[in-house]
Amino acid sequence: MKKSPAQTIVESHGAQRDPDLPTFLELSAALTGFSEVELEGTGMLDEYFYTLMKEQDHEGVRAFLKKAGDILDGKRNVKAAIKAAFMDPPPGLTDPNPPFDVMPHQALARRIILLWYTGVWTTMNWKETKSQDQRTSIVSARAYEEGLIWMVAQTHPAGAKQPGYGSWSRPPLGADQSRDKHGKH
Amino acid sequence: MENTEFDVVIVGSGIAGAVVAKTLTDAGKRVLMLDAGLESGMALDGERAYQVQRKYLDTFYRATAKTPNSPYPNLKNAPSSDVIETAPVEKMDARRGYYVQKGPLAFGSDNWIGPGGTTQHWLGTTLRMLPNDFRLKTMYGRAVDWPITYEHLRPYYEMAEYEIGVSGEVSDQKLPNIGPDYFSPGYVFPMKKIPQSYLDTLILEKNKRRKVNISGDKEKEILHPIRFCSTPQGRNSIPNNDYRFSGVAWDAKEKKLYMVETTPGRYEPVGALWDPYTGQRCEGNAACVPICPVQAKYNALKTIKKAHRRSPHLLVIKSQCVAYELVVDPDTKLIRGVKYKRYDSDDSRNCTTEFATARIYVLAASAIENAKLLLSSNAANSSDQVGRNLMDHMCLLTWGLLRDRNSKPLKVFPFRGPGSTTNISSFRDGDFRKRHAAWIVPLDNWGWGWPAFSPGTDVSIAVGEGRFGEELRQHLNTELTCQVLLHFECEQDPQPENRVTIDERYKDHLGNYRPVIHYNASDYVKEAFRIAKFVSDQIFKKNNVDDRTDYSSDEADYWQYKGEGYTSRGAGHIVGTHRMGSDPKDSVVDPDMRTWDHENLFLTGCGNMPTLGTSNPTLTMTALTFKAAEAILKQLES
Ligand SMILES: Cc1cc2nc3c(=O)[nH]c(=O)nc-3n(C[C@H](O)[C@H](O)[C@H](O)COP(=O)(O)OP(=O)(O)OC[C@H]3O[C@@H](n4cnc5c(N)ncnc54)[C@H](O)[C@@H]3O)c2cc1C
Ligand code: SF4
């Protein structure tokens with residue numbers, strides 16, 4: 001019986017990691033602006049890679065990662081190459097989740113950024129789900145809590161990792177604010 | 001024949017129902033509480049309560065739209081309204097959702113049908129109304145006067161503040177036109193004030209001596225001061241050692257409720273249902289709406305739990321019971337019983353029809369549901385006021401990015417702490433109420449979360465613009481840490497045509513009526529929006545706020561007034577559908593909240609309020625509920 005892509009991942013998990021996983025991590029770092037160590041620190045790497053690999057167009061996803069690998073290994077300016085290959089939208093397109101069949105690579109790159117920042121994934125498995133609403137979900141409670149957005153906003157996820165009584169009356173830890181005098185209590 | 005099993009049947013387990021249940025059972029009365037929500041959610045203790053909370057939290061974490069009702073089940077058999085359904089009226093399909101919106105504006109506030117009711121997702125702001133709020137007609141020629149005054153209500157406010165567990169600072173409450181007796185001598189709140197946010201302190205420092213023009217006309221100056229005030233709220237902080245009360249009790253001889261005095265310094269914050277040591281202090285989860293993970297915030301199950309602990313044999317709670325009709329005796333006009341449908345599970349329409357009887361009946365199902373039940377029963381409506389005068393605070397939101405004098409980002413670090421810890425109180429009363437509605441301005445601690453779904457949307461927008469990598473990270477950091485949001489929560493005046501009705505064509509899964517809502521803003525409120533926007537523009541300019549306010553014509557409650565467009569938003573303050581008055585001809589209940597038409601039927605909840613003032617209504621409603629409970633006890637013992 002033919003194995004589903006997801007099964008392959010689960011089985012290869014553990015002793016041997018999927019060879020595309022390091023590429024996924026390196027690309028994620030380039031896309032999010034967070035270092036590989038920071039990303040691994042969230043504990044979400046495997047779940048996110050798995051989320052990506054669950055997409056039905058498995059070949060498409062592998063091709064995308066292959067292309068990312070080539071860019072990351074290449075001698076050219078990696079940032080500029082990523083921008084050209086994955087980020088620059090055709091004029092007029094501002095949809096953060098562009099349709100996959102129109103722009104597969106841009107669509108994937110953007111989804112990966114949103115996934116790391118907010119835990120939200122919009123699946124491209126059109127046939128299984130009906131509306132846009134049903135295609136978009138937060139992949140897990142942990143994904144919500146580990147969203148990079150909270151770190152970027154210098155806070156904690158709303159409803160989790162609470163910083164303690166009165167913490168909000170002072171600037172957050174590591175705030176580079178010259179006016180800290182207001183916050184001293 | 002009079003039933004002897006229960007003294008009182010209460011419909012609803014929100015704060016109104018809970019306070020009546022506790023006050024009556026404490027006085028030895030036998031109470032049956034019917035609640036429409038799931039049995040499993042009515043968990044008051046230990047592991048069960050903890051599991052319910054975990055389930056709500058997990059649902060919340062996984063919800064893509066974190067709306068007030070997002071953690072909680074929306075039942076087919078007992079549906080809740082949900083703000084997520086709000087859209088321009090002409091675009092709404094009456095077959096979908098819960099409210100049937102007839103417009104012209106969409107009613108944009110929801111509640112939750114379930115154990116503990118809407119206090120599960122309320123914010124917990126607990127301001128008292130102002131003395132002049134009770135006499136708008138006399139003072140300003142607007143709306144109506146209440147049949148009672150602030151002074152009447154003051155002792156009941158103290159009871160409500162005890163029961164909710166309010167944290168606040170009396171000396172900060174420098175409110176317009178309140179006089180020296182606003183608080184009784186030596187009064188303190190049970191707990192010290194919740195620390196004001198870093199953001200508050202920055203804004204307060206920059207604006208505390210500021211005055212703004214409220215004429216609405218650049219050529220003409222009517223200056224009005226901006227005054228800030230820490231916000232009393234129903235979430236736990238450090239107990240105040242000068243607080244001297246330990247409960248509310250019934251004095252059977254004097255026939256009244258009183259506050260039980262004790263040695264000061266004994267107040268104990270009420271913690272989580274599953275563990276009294278959890279939630280002893282607000283821990284800064286910044287998710288009070290829709291769910292406080294540690295239950296430092298008050299919710300009505302805390303009151304029900306106390307009642308149940310103290311008098312388990314006196315309080316019977318029946319869940320999954322949807323009341324749908326009151327049976328009125330045609331001769332005596334007394335209520336003979338409540339019909340309800342008890343469903344097996346939310347997946348099926350299987351239900352049994354049952355009948356509950358007692359000496360006195362109390363509706364505590366929230367303003368819209370109370371009205372719906374009365375209309376379905378053809379009860380209490382000789383004044384034709386049932387369902388009318390539906391009100392809310394109509395909110396004008398203004399938002400932007402704070403900058404310093406050199407237009408550099410000035411970080412205020414929002415998305416931390418309780419939703420709001422400071423408010424601008426100086427527009428809550430004044431002569432301007434002759435011309436336009438008063439308002440309160442809570443400073444919002446959660447960035448642009450409300451109008452723009454920040455911080456999530458900021459990421460989608462930035463990525464949509466093609467940002468990525470280090471640049472994306474930097475960009476989001478400077479945007480998100482500088483976000484400020486003001487709400488101008490305007491007092492809506494009572495309008496008979498803003499109303500809840502029922503219609504045979506619109507029924508829910510169990511065949512019960514869905515509320516049909518007609519709703520609009522009067523010019524009195526629209527003018528308040530115009531002036532509020534004028535004031536906001538001045539505040540933003542003086543504070544170097546890069547204004548990002550945007551009202552778009554495809555939003556649900558977008559309207560134009562005097563050439564400008566505005567979007568109003570609901571505050572969740574559903575008020576006024578069965579108002580109290582001194583005349584049976586134009587009100588539904590008397591000052592004891594007994595219906596004029598049925599001696600043994602009392603109504604509780606915000607529906608009783610003739611006007612709404614500028615305070616979030618629940619504290620006032622809870623004070624009124626203690627007053628109603630007192631009247632019920634009096635009637636039972638007469
Ligand atoms: C987002 C949001 C924030 C808010 N923040 C604040 C705030 O900061 N301060 C403030 O003062 N107020 C606030 N409010 C308003 C506040 O939540 C309500 O005023 C208050 O909770 C109403 O309490 P209640 O007991 O009257 O009704 P609810 O809490 O709505 O309870 C109604 C109860 O009746 C039951 N019920 C309904 N119909 C039936 C039926 N047919 N049969 C049996 N049972 C039934 C329900 O299950 C529920 O238990 C907020 C509201 C919202 C939506
Ligand atoms: S800030 Fe957090 S801990 Fe405090 S009341 Fe809100 S949700 Fe609860």
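Any value given below was found using the heavy atoms of this structure, including those in side chains, with hydrogens, waters and symmetry copies removed. Every chain is numbered from 1, with letters handed out A, B, ... down the list of sequences.
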(request) Could you check if a side-chain atom of A/K79 sits within less than 4.5 angstrom of a side-chain atom of B/E470, using non-hydrogen atoms only? (result) no
(message) Assess the residue pair A/R170 and B/Y198 against the criterion (side chain to side chain contact (heavy atoms under 4.5 Å, CB included)); give the C-alpha distance rounded to whole Å, side-chain angles, the decisive distance to 0.1 Å, and a yes or no.
(response) CA-CA 5 Å; A/R170 300 177 295 271; B/Y198 176 69; 5.9 Å; no
(request) Indicate yes or no for a side-chain donor-acceptor contact from A/H156 to the backbone of B/R416 under 3.5 Å, with no hydrogens or angles considered. (result) no
(request) Decide side chain to side chain contact (heavy atoms under 4.5 Å, CB included) for B/K66 and A/I138; before the verdict, give the C-alpha distance in whole Å, the side-chain angles of both, and the deciding distance to 0.1 Å. (result) CA-CA 11 Å; B/K66 298 202 168 1; A/I138 292 188; 3.5 Å; yes
(request) Measure B/L476 against the heavy atoms of chain A and call it side chain, backbone, both or neither at under 4.5 Å. (result) both
(message) Would you call the rings of B/Y61 and A/Y144 parallel, tilted or perpendicular, taking 30° and 60° as the class edges?
(response) parallel
(request) Examine whether an atom of A/A30 lies under 4.5 Å from a heavy atom of chain B, and if so say whether it belongs to the side chain, the backbone or both; otherwise answer neither. (result) backbone
(request) Sort out for me which of B/P418, B/P290, B/A296 touches chain A most, counting heavy-atom pairs under 4.5 Å. (result) B/P418
(request) Sort out for me which of A/L148, A/I113, A/T118 touches chain B most, counting heavy-atom pairs under 4.5 Å. (result) A/I113
(message) For A/V139, is there any backbone N or O sitting under 3.5 Å from a side-chain donor or acceptor partner on B/R62?
(response) yes
(request) Can you tell which part of B/I238 gets under 4.5 Å to a heavy atom of chain A, answering side chain, backbone, both or neither? (result) both
(request) Determine the minimum heavy-atom distance between B/D58 and A/A141, stating which atoms define it. (result) OD1-CB, 3.2 Å
(message) Could you measure the distance from the CZ atom of A/R110 to the CZ atom of B/F468? Nearest 0.5 Å is fine.
(response) 10.5 Å
(message) So which residue, B/C288, B/C282, B/A462, B/G466, ends up with the most heavy-atom pairs under 4.5 Å with chain A?
(response) B/C282
(request) Identify the residues of residues 444-458 of chain B whose heavy atoms come closer than 4.5 Å to a heavy atom of chain A, ordered by number, or report 'none'. (result) B/P455, B/G456
(request) Heavy-atom distances under 4.5 Å only: say whether A/T32 touches chain B with side chain, backbone, both or neither. (result) backbone
(request) I would like to know whether B/E471 and A/K83 meet salt bridge (Lys or Arg N to Asp or Glu O under 4.0 Å); could you show each step before the answer? (result) CA-CA 12 Å; B/E471 199 248 339; A/K83 186 166 175 328; over 6 Å; no
(message) Shorter than 4.5 Å, heavy atoms on both sides: which option in B/A287, B/P293, B/G284, B/A286 has the most such pairs with chain A?
(response) B/G284
(request) Considering only heavy atoms, give the residues of residues 157-168 of chain A separated from chain B by less than 4.5 Å, sorted numerically, with 'none' for an empty result. (result) A/P157, A/A158, A/G159, A/A160, A/Q162, A/P163, A/G164, A/Y165, A/G166, A/S167, A/W168
(request) Compare every heavy atom of A/L31 with every heavy atom of B/L472, then report the nearest pair and how far apart it is. (result) CD2-O, 4.2 Å
(request) Taking all heavy atoms of B/V459 and all of A/L114, pick out the closest pair and write down the distance. (result) CG1-CD2, 3.7 Å
(request) Measure distances from A/F86 to the heavy atoms of chain B and classify the residue's part below 4.5 Å as side chain, backbone, both or neither. (result) neither
(message) Counting only non-hydrogen atoms closer than 4.5 Å, does B/T421 touch chain A with its backbone (N, CA, C, O), its side chain (CB onward), both, or neither?
(response) side chain
